[in-house]
Asks: 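Sharing a structure with you now.
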Amino acid sequence: MEKTWRWFGPNDKITLDMLRQIGVEGIVTALHHIPNGEIWTLEEVEKMKTYIEDHGLRWSVVESLPVSESIKYAGPDRDQLIENYKESLRNLGKAGVRTICYNFMPVLDWARTTLDYPNPNGTSNLYFNMGEFAYFDIHILKREGAEKDYDEDTLKRMEEIKAGMTPEGEKRLVENIIVKTQGFVNGNISEADLDPVSKFRELLKLYDGIDANRLRENMAYFLNAIMPVCREYDINMCVHPDDPPRPILGLPRIVTCDADIRAFLDAVPDPHNGLTFCAGSLSAGAHNDVVELARKYAANTHFAHIRICKTLPGGDFKESSHLDPRLIEVVRIFEEKNPGIPMRVDHAELMLGDEKMGYNAGYSFHGRMLALGQIDGVMATLRNK
């Protein structure tokens, strides 16, 4: 697999020169300065591509060309936004950038409650605590009927959390769940928002009456509309699984498991309609056998996120080691069945001062560098066995 790295543009504290030195081959990035829904012009695409190539690297994957919320919930401007999306795809295709990672998650991209959960060795990881998430949903967001979405054990845990909650603790949950994990990836909420909770409530209202079946229909509508452009320019669309792989905050999630993956592939049966195989997102659900899913969908995968999660009691989960045996087996499967695809390590530990550098949540330098070295060693071993 091609060794790639998610990079957030010329203002990223991690430079392309640094990445070339540690063995990165391809760059995963986006035109983050262009607002969601607007066209990526050929000029802007080629400017980014040239910048990357001038540093001895290549632009391997777009992550992401964002799918506007109005496309997901079928707003009145959906068709115009899809036309804009198609024009952006044409310009990427003309420039020779032909792998597009995107997601179809409503409102919230990925969710964690703690960004620096301590490990015994002094590093820290991302963590999802179901009790804290329920507290955010019920007592901060105050979503109507939210209590019905949680079992008795979770509600009991939440009450224990409530007893010790402080204003600072509530602020931390808001920042971790809807600000720090979202705004840096063309998200709906940014750190400049003065009242992110109110804005988030308004976004949730857009999905009133949208269930999983309706969201699947909207995803198929979008994919069918863009497939002619993808065929013309040989562009591979690869959807990212939902993270975590379950409905949250009353919102439907439709890329959570084997049946969901099969459904979107069957709905639009085109080789350009494929999967970003994120072992981390899928493994965050105890219902998923991530190794079996990799084996089953290797041929439909255009891009891989190489990370893994450890599930814990009560719906909690945390990022696990990049040398987790399951992840090694996932790497083995792709090296054997689809070795040419780009892959990137993801959501690595904070270590060796990463926590002081202000990196985007989940995107440390030293932690990802260690993870890349580990996975590079795994791939080298598999190739030379």
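Below, each value reflects all heavy atoms present in this structure, side chains not excepted, and no hydrogens, waters or symmetry copies.
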Asks: Examine His347 together with Trp110 and report whether their ring centres are nearer than 6.0 Å.
Replies: yes
Asks: Look at the rings of Phe136 and Phe133 and say which category their plane angle falls in: under 30° parallel, 30 to 60° tilted, over 60° perpendicular.
Replies: tilted
Asks: Compare all side-chain heavy atoms of Val239 with those of Leu275 and state whether any distance is below 4.5 angstrom.
Replies: yes
Asks: Hey, is Asp316 close enough to Lys318 for a salt bridge, meaning N to O under 4.0 Å?
Replies: no
Asks: If you measure only the distance, is there a donor-acceptor pair under 3.5 Å linking the side chains of Tyr150 and Asp137?
Replies: yes
Asks: Mind checking whether Ile138 and Leu155 have side chains closer than 4.5 Å, heavy atoms only?
Replies: yes
Asks: Less than 4.5 Å apart, side chain to side chain, heavy atoms only: is that true for Asp258 and Asn288?
Replies: no
Asks: Any Lys/Arg nitrogen of Arg112 or Asp243 sitting under 4.0 Å from an Asp/Glu carboxylate oxygen of the other?
Replies: yes
Asks: Is the shortest side-chain heavy-atom distance between Arg344 and Trp5 below 4.5 Å?
Replies: no
Asks: Would you indicate whether the side-chain heavy atoms of Met237 and Leu89 approach each other to under 4.5 Å?
Replies: yes
Asks: Under 30°, 30 to 60°, or over 60°: which ring-plane class applies to Tyr73 and Tyr207, parallel, tilted or perpendicular?
Replies: perpendicular
Asks: Please determine if Lys296 and Glu292 form a salt bridge, counting it only when a charged side-chain N lies under 4.0 Å from a carboxylate O.
Replies: no
Asks: Among residues two or more places apart or on two chains, list those pairs meeting salt bridge (charged side-chain N to carboxylate O under 4.0 Å, His left out) that have a residue in residues 159-169.
Replies: none
Asks: So, Arg172 and Glu175, do they make that salt bridge, N to O below 4.0 Å?
Replies: no
Asks: Would you check, one step at a time, whether the test salt bridge (charged side-chain N to carboxylate O under 4.0 Å, His left out) holds for Glu232 with Lys86?
Replies: CA-CA 11 Å; Glu232 180 179 359; Lys86 289 161 65 177; over 6 Å; no
Asks: Would you mind reporting whether Met351 and Ser364 have side-chain heavy atoms less than 4.5 Å apart?
Replies: no
Asks: Check this for me: Lys310, atom NZ, are more than 12 non-hydrogen atoms of other residues, nucleotides or ligands nearer than 6.0 Å?
Replies: no
Asks: Tell me if the centroids of the rings in Phe365 and Tyr359 come within less than 6.0 Å of each other.
Replies: no
Asks: Is it true that Asp17 and Gln21 share a donor-acceptor pair across their side chains at a distance under 3.5 Å?
Replies: no
Asks: Any salt bridge between Lys49 and Glu46, counting N to O under 4.0 Å?
Replies: no
Asks: Under 6.0 Å between the ring centres of Phe264 and Phe104?
Replies: no
